[in-house]
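Shown next, in structure tokens, is the structure this report addresses.
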Amino acid sequence: MSDYARFDMTLPDILFETEHLICRPFEASDFEDLLALQSDEQVYQYVGNGQPLSSDQVRLWIDRSRKNIEINGFGTGAIVYKGQNDLIGWAGYVQPPEQETEIIYGLSEAEWGKGLGTEIVQGLVEAARGRYQIWPLHASVDPENSRSISLLKKLGFELFAKTKDEDGLDTDIYQLNA
């Protein structure tokens with residue numbers, strides 16, 4: 001039986017929160033919304049290799065995200081409006097092999113232009129500094145993703161390195177130092 005079917009781990013209710021949003025661990029009920037979000041070509045354009053995730057990959061992501069939270073105390077979760085439970089995005093922290101912890105985030109296209117991306121990244125930074133003690137903080141960005149680059153720079157991230165990701169694609173690493 002997959003962990004996805006059981007969900008018997010004890011996890012925190014909230015990973016971080018902002019003025020309007022909560023990031024909570026993924027739940028089994030998030031599957032359809034996360035699959036739809038991961039299938040949106042606009043949302044997924046600059047994520048990974050740009051290819052939407054399959055239903056099996058989304059289930060695996062939910063499983064791994066919950067396990068990471070259980071093991072490390074932090075990970076990736078669902079972004080929802082306070083007082084609601086419908087997934088509008090994802091955010092959290094990942095630990096690539098032999099690299100510093102990175103923030104990741106994505107938001108439903110319907111939510112773009114409302115300042116929520118800034119709010120999410122600010123929430124990630126505050127939680128990294130306080131609750132999770134993650135430092136330095138990195139973000140990997142497709143060099144063509146001007147919106148994410150502008151957001152990160154606005155919040156004090158600076159270009160740290162230019163590299164290739166696991167798919168051999170150009171990737172810029174931004175770092176927040178202080």
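Since the model is a prediction, treat every value here as computed from it, not as a measurement.
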Between [X] (side chain only) and [Y] (backbone N and O only), is there a donor and an acceptor less than 3.5 Å apart?
{"X": "Gln57", "Y": "Ser54", "value": "yes"}
{"X": "Asn145", "Y": "Asp142", "value": "no"}
{"X": "Arg131", "Y": "Leu15", "value": "yes"}
{"X": "Trp135", "Y": "Asn177", "value": "yes"}
{"X": "Asp167", "Y": "Leu169", "value": "no"}
{"X": "Gln95", "Y": "Gln99", "value": "yes"}

Could you state the interatomic distance from [atom1] ([X]) to [atom2] ([Y]), rounded to the nearest 0.5 Å?
{"X": "Ser55", "Y": "Glu32", "atom1": "OG", "atom2": "CD", "value": "9.0 Å"}
{"X": "Asp63", "Y": "Asn68", "atom1": "CG", "atom2": "CG", "value": "11.0 Å"}
{"X": "Gln38", "Y": "Phe31", "atom1": "CD", "atom2": "CZ", "value": "11.0 Å"}
{"X": "Glu27", "Y": "Leu87", "atom1": "CD", "atom2": "CG", "value": "9.5 Å"}
{"X": "Glu70", "Y": "Ser65", "atom1": "CD", "atom2": "OG", "value": "13.0 Å"}

For Tyr93, check ring-ring contact (aromatic ring centres under 6.0 Å, His included) against everything at least two apart and list the hits. Phe74, Tyr132
Please name the pair of heavy atoms, one in [X] and one in [Y], separated by the smallest distance, quoted to 0.1 Å.
{"X": "Leu107", "Y": "Gly117", "answer": "CD2-N, 4.0 Å"}
{"X": "Arg24", "Y": "Asp13", "answer": "CB-O, 3.2 Å"}
{"X": "Phe16", "Y": "Ala127", "answer": "CB-CB, 3.8 Å"}
{"X": "Leu155", "Y": "Leu176", "answer": "O-CD1, 3.7 Å"}
{"X": "Pro143", "Y": "Ile149", "answer": "O-CD1, 3.6 Å"}

Per the ring pair (Phe, Tyr, Trp, His ring centres under 6.0 Å) rule, what does the pair list look like for residues 154-176, sequence neighbours excluded? His138-Phe160
Should the heavy atoms of other residues, nucleotides or ligands under 6.0 Å from NZ of Lys114 be counted, would the total exceed 12? yes
For residues [X] and [Y]: do they belong to one hydrophobic cluster (side chain heavy atoms under 4.5 Å, members Ile, Leu, Val, Met, Phe, Trp, Tyr)?
{"X": "Ile120", "Y": "Ile88", "result": "yes"}
{"X": "Leu151", "Y": "Trp112", "result": "yes"}
{"X": "Ile22", "Y": "Leu37", "result": "no"}
{"X": "Ile104", "Y": "Ile173", "result": "no"}
{"X": "Val94", "Y": "Val125", "result": "yes"}

Non-hydrogen side-chain atoms of [X] and [Y] separated by less than 4.5 Å:
{"X": "Leu53", "Y": "Leu35", "result": "no"}
{"X": "Val141", "Y": "Thr171", "result": "no"}
{"X": "Lys154", "Y": "Thr118", "result": "yes"}
{"X": "Pro12", "Y": "Ile69", "result": "yes"}
{"X": "Val121", "Y": "Ile103", "result": "yes"}
{"X": "Gln175", "Y": "Leu137", "result": "no"}
{"X": "Leu21", "Y": "Leu116", "result": "yes"}
{"X": "Cys23", "Y": "Trp90", "result": "no"}

Side-chain H-bond candidate by donor/acceptor type, Tyr105 with Ser148, under 3.5 Å: yes
Qualifying salt bridge (Lys or Arg N to Asp or Glu O under 4.0 Å) pairs with a residue from residues 117-127, counting only residues at least two apart or across chains: none
Check: residues 77-84 side-chain donor-acceptor pairs under 3.5 Å, at least two apart:
from  : atom 1 : to     : atom 2 : distance (Å)
Tyr81 : OH     : Glu111 : OE1    : 2.5
Lys82 : NZ     : Glu17  : OE1    : 3.2
Lys82 : NZ     : Thr18  : O      : 2.7

Residues in salt bridge (charged side-chain N to carboxylate O under 4.0 Å, His left out) with Asp172, at least two apart? Lys162
Across all chains, not counting sequence neighbours, the salt bridge (charged side-chain N to carboxylate O under 4.0 Å, His left out) partners of Asp170 are Lys164
